[in-house]
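Below: one structure, written as structure tokens.
A, B, ... follow the sequence lines: proteins, then strands. Residue 1 opens every chain.
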Protein chains: 2
Amino acid sequence: MKKKVTLKQIARELDVSISTVSKALRNSIEISEDTRQKVQAFAKLYNYRPNNIALSLKNRKTKTIGIIIPEIVHHFFSKVISGIEAVANQRGYNVIVGLSNESFAKEVINMEMLANGSIDGFILSIAKETQQQQDFHHFTETINQGMPIVMFDRVVNDIKCDKVIVDDSEGAKLAVNKLIACGCKNIAIVTTKDYVSVGKLRTQGYLEALEDHKIHPKASLILKVHDQLLSEDHLDSLEVEIENLFKNNKKIDGVFAVNELYAITTMKVARKLGLTIPDDLQIVGFTDGVLSKHAVPALTTVSQHGKKIGEKAAELLINNLEREDEEDIYETVVIETELIERDSTK
Amino acid sequence: MKKKVTLKQIARELDVSISTVSKALRNSIEISEDTRQKVQAFAKLYNYRPNNIALSLKNRKTKTIGIIIPEIVHHFFSKVISGIEAVANQRGYNVIVGLSNESFAKEVINMEMLANGSIDGFILSIAKETQQQQDFHHFTETINQGMPIVMFDRVVNDIKCDKVIVDDSEGAKLAVNKLIACGCKNIAIVTTKDYVSVGKLRTQGYLEALEDHKIHPKASLILKVHDQLLSEDHLDSLEVEIENLFKNNKKIDGVFAVNELYAITTMKVARKLGLTIPDDLQIVGFTDGVLSKHAVPALTTVSQHGKKIGEKAAELLINNLEREDEEDIYETVVIETELIERDSTK
DNA sequence: TGTCAACACGAAAACGTTTTCGTAGCGTAT
DNA sequence: ATACGCTACGAAAACGTTTTCGTGTTGACA
């Protein structure tokens with residue numbers, strides 16, 4: 001087992017100083033052709049690689065990006081990560097991942113762990129619990145310490161940082177307009193409670209789309225699903241809630257669901273109730289994940305382009321990190337949503 | 001913007017030496033009660049946190065684990081990550097993720113980037129291309145430099161490291177036995193080419209199960225899908241291959257598919273051909289992902305317990321890292337598979 | 001012979017810690 | 001008065017780099 005070789009060892013071995021070795025390796029003209037060759041040959045032989053940690057300490061930058069997301073077993077978030085990783089890697093950065101599990105405490109702890117020198121900046125999406133508690137001190141504090149943040153998807157407006165979002169309300173309108181265009185008269189929405197920012201926005205888009213078409217929204221057609229239901233265990237009660245929605249509103253002929261799981265579950269319930277899709281009932285979802293693509297019938301849905309979101313977020317962060325002038329002008333980039341038409345609509 | 005405060009600054013401010021500050025913060029008895037209080041108060045006020053990078057350099061350990069996986073937008077791998085992250089975090093480690101995208105070159109580059117001090121050890125699953133090329137020098141080299149590796153799922157046998165695998169062939173037998181028990185007489189398998197280690201093993205299990213029941217395997221019932229098909233774009237040709245399988249073997253009444261996508265696609269093709277599941281055709285998949293759970297009918301499948309695999313891998317790695325004695329005895333842990341019976345079998 | 005520039009290299013500081021060792025100051029016992 | 005032992009603290013090294021600055025040697029030139 002040959003341990004990693006350091007400048008010091010090379011220096012000792014070749015009977016020169018550490019400085020000389022360092023310079024020789026970086027091809028400094030201060031060093032004679034002769035010694036340069038000698039040193040480089042030796043370094044190559046022993047497979048010398050500079051120690052990243054030492055470099056980080058010296059340069060006071062780590063070339064690493066910290067990602068904090070609520071969950072990783074989730075198509076959208078892993079897409080975003082793959083986007084971040086792609087541009088990060090290409091620009092010489094590494095990516096370190098922390099999971100909040102939707103918990104405020106874990107979000108804070110994770111950020112604190114990473115903020116003490118391990119990374120140069122954050123890319124994150126806020127935990128549900130944090131959105132609920134509206135406690136954002138950990139964000140402002142890290143920013144105050146000079147560490148930039150880029151938020152994506154679930155953002156909080158009055159924090160001074162770059163943001164990458166989709167136009168959720170616009171995307172929702174896309175979906176609902178499609179349903180209207182396809183002849184639906186009684187369009188229901190299956191959505192989350194309002195404290196989930198994206199849920200709220202999508203609900204708004206639903207309402208606006210209806211109003212644009214002079215359709216009066218009915219409260220009974222708006223199902224704000226009780227919480228924790230996204231955690232896959234509570235699927236049953238989700239089904240019950242949706243089933244009640246249908247039973248109380250026999251005339252529903254279109255459903256807009258604000259995420260994949262809601263959409264799929266709605267399909268399942270509808271089938272159980274004897275409705276055919278898309279003939280009796282049309283459905284549009286949000287998030288173009290693996291479920292939508294392989295569902296039967298395949299789900300018409302609003303794609304957020306998760307990978308693109310990640311790429312943009314990484315780009316913004318790295319640009320910020322490598323910017324010379326210290327002016328902080330923050331951007332909010334909106335990634336276009338796109339309606340992917342498949343077989344759950346006519 | 002108040003930058004992070006260091007020992008040196010505290011020392012200067014309080015007019016004591018750096019050593020004193022360090023000791024005071026760590027409650028050394030060398031320091032008088034008085035100064036200890038003073039220093040700690042000051043540190044708390046300015047929210048002092050030791051710099052991780054400096055600590056890493058000094059201790060020559062980073063408390064970070066490097067993960068290299070072929071793909072992250074994948075239910076199984078993200079499950080594994082979540083498992084790793086859970087125990088890593090709980091034991092005070094961070095997790096840094098590299099993606100190989102199934103490419104040999106990217107695998108090597110990623111490992112080199114991380115191996116130069118950024119991490120204490122690796123947890124990885126091998127890229128397809130690496131399996132194909134059978135070039136494993138980057139693994140042996142990092143191990144020779146004293147950096148431990150834990151491989152999971154796709155492993156290579158003759159590398160000196162801990163491994164966490166599922167008993168793929170046993171899992172496959174579980175699946176095929178189930179089909180046999182449910183009365184299937186002509187069981188086909190949809191699998192990968194043999195260089196994918198897990199595919200090969202599952203194919204083996206299929207053959208063994210048949211032989212155990214004195215059923216003579218037929219070559220025409222074994223579909224080794226042409227490559228790249230897992231990348232979601234080539235779905236069409238996957239469907240064609242499967243469709244041909246059915247057309248050439250009208251009597252197929254059971255299919256074992258070695259992954260979720262193959263299983264789902266088989267279902268889709270079967271439906272197109274007018275077969276009802278599970279009446280005309282029964283299907284068992286491998287990997288209990290979100291697709292299997294929400295498919296219609298829900299898919300009977302072999303669960304690998306991805307999260308458990310991740311947890312075990314992290315446990316092995318960290319135990320190794322924190323072991324005092326340097327004996328290298330390596331374990332191969334087999335995580336039990338489990339047959340999850342749902343509606344695609346009788 | 002003396003001066004100066006160019007060349008080739010080394011010493012040392014710096015990044016932020018922890019830890020070992022040395023020691024100044026003081027009280028106590030002989 | 002001398003010796004000894006505490007107490008409380010500081011100096012310095014170490015981790016592995018990069019970079020600035022200083023300097024010894026050589027050769028050329030007047």
Would you indicate, yes or no, if [N] has its OP1 or OP2 atom less than 4.0 angstrom from a side-chain nitrogen or oxygen of [X]?
X        : N       : value
Lys8(A)  : dC15(D) : yes
Thr35(B) : dC9(D)  : yes
Ser19(B) : dA12(D) : no
Arg60(A) : dG16(C) : yes
Ser56(A) : dC15(C) : no
Arg26(B) : dT19(C) : yes
Ser22(A) : dT18(D) : yes

When you measure from the side chain of [X], which nucleotide among [options] comes out closest?
X        : options                   : answer
Leu55(B) : dT17(C), dC9(D), dT17(D)  : dT17(C)
Leu7(A)  : dT17(C), dT17(D), dT20(C) : dT17(D)
Asn51(B) : dG16(C), dC15(C), dC9(D)  : dG16(C)
Ile31(B) : dG10(C), dC9(D), dG16(D)  : dC9(D)
Ile18(B) : dC21(C), dT17(D), dT18(C) : dT18(C)

For atom [atom1] of [X] and atom [atom2] of [N], their distance in whole Å:
X        : N       : atom1 : atom2 : answer
Ile29(B) : dT19(C) : CD1   : C1'   : 14 Å
Asp15(A) : dA8(C)  : CG    : P     : 18 Å
Lys58(A) : dA12(C) : NZ    : P     : 17 Å
Leu14(A) : dC9(C)  : CG    : P     : 11 Å
Leu25(A) : dT17(D) : CG    : C1'   : 11 Å
Lys4(A)  : dC15(D) : NZ    : C1'   : 15 Å
Glu33(B) : dA8(D)  : CD    : P     : 10 Å
Asp34(A) : dC9(C)  : CG    : C1'   : 13 Å

Examine the base of dA11(D) for any acceptor or donor lying under 3.5 Å from a partner atom in the side chain of Ser17(B), and report the outcome as yes or no.
->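 Donor-acceptor pair under 3.5 Å: no.
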Would you say the base of dG10(D) and the side-chain of Lys23(B) have a donor-acceptor pair closer than 3.5 Å?
->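 Between dG10(D) and Lys23(B), which were checked side chain against base, a qualifying N/O pair under 3.5 Å is present.
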Would you check if Asn47(B) and Val5(B) make a side-chain contact, meaning some heavy-atom pair closer than 4.5 Å?
->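 Counting from C-beta outward, Asn47(B) and Val5(B) never come under 4.5 Å.
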Salt bridge between Arg91(A) and Glu315(A), side-chain N to carboxylate O under 4.0 Å?
->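 Salt bridge absent between Arg91(A) and Glu315(A).
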Is any NZ, NE, NH1 or NH2 atom of the basic residue among Lys128(A) and Glu71(A) found under 4.0 Å from an Asp or Glu carboxylate oxygen of the other?
->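 Result for this pair is no, no salt bridge flagged.
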Tell me which of Arg49(A) and Glu30(B) sits closer to the 5' end of DNA chain D, going by the nucleotide each one is nearest to.
->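 First, find each residue's nearest nucleotide; the 5'-ward one identifies Glu30(B).
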Between Val21(A) and Asn59(A), which has a closest nucleotide on DNA chain C that is more 5'?
->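 That would be Val21(A).
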Which atom of Met113(A) lies closest to which atom of Ser118(A), heavy atoms considered |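 Met113(A) and Ser118(A) have their closest heavy atoms at O-OG, 3.8 Å.
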Hey, what's the ring geometry for His74(A) with Phe76(A), parallel, tilted or perpendicular (30° and 60° as the breaks)?
->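 If you compare the ring of His74(A) with that of Phe76(A), the planes turn out perpendicular.
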Phe122(B) ring center within less than 6.0 Å of His138(B) ring center =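 Aromatic pair excluded; centres sit 6.0 Å or further apart.
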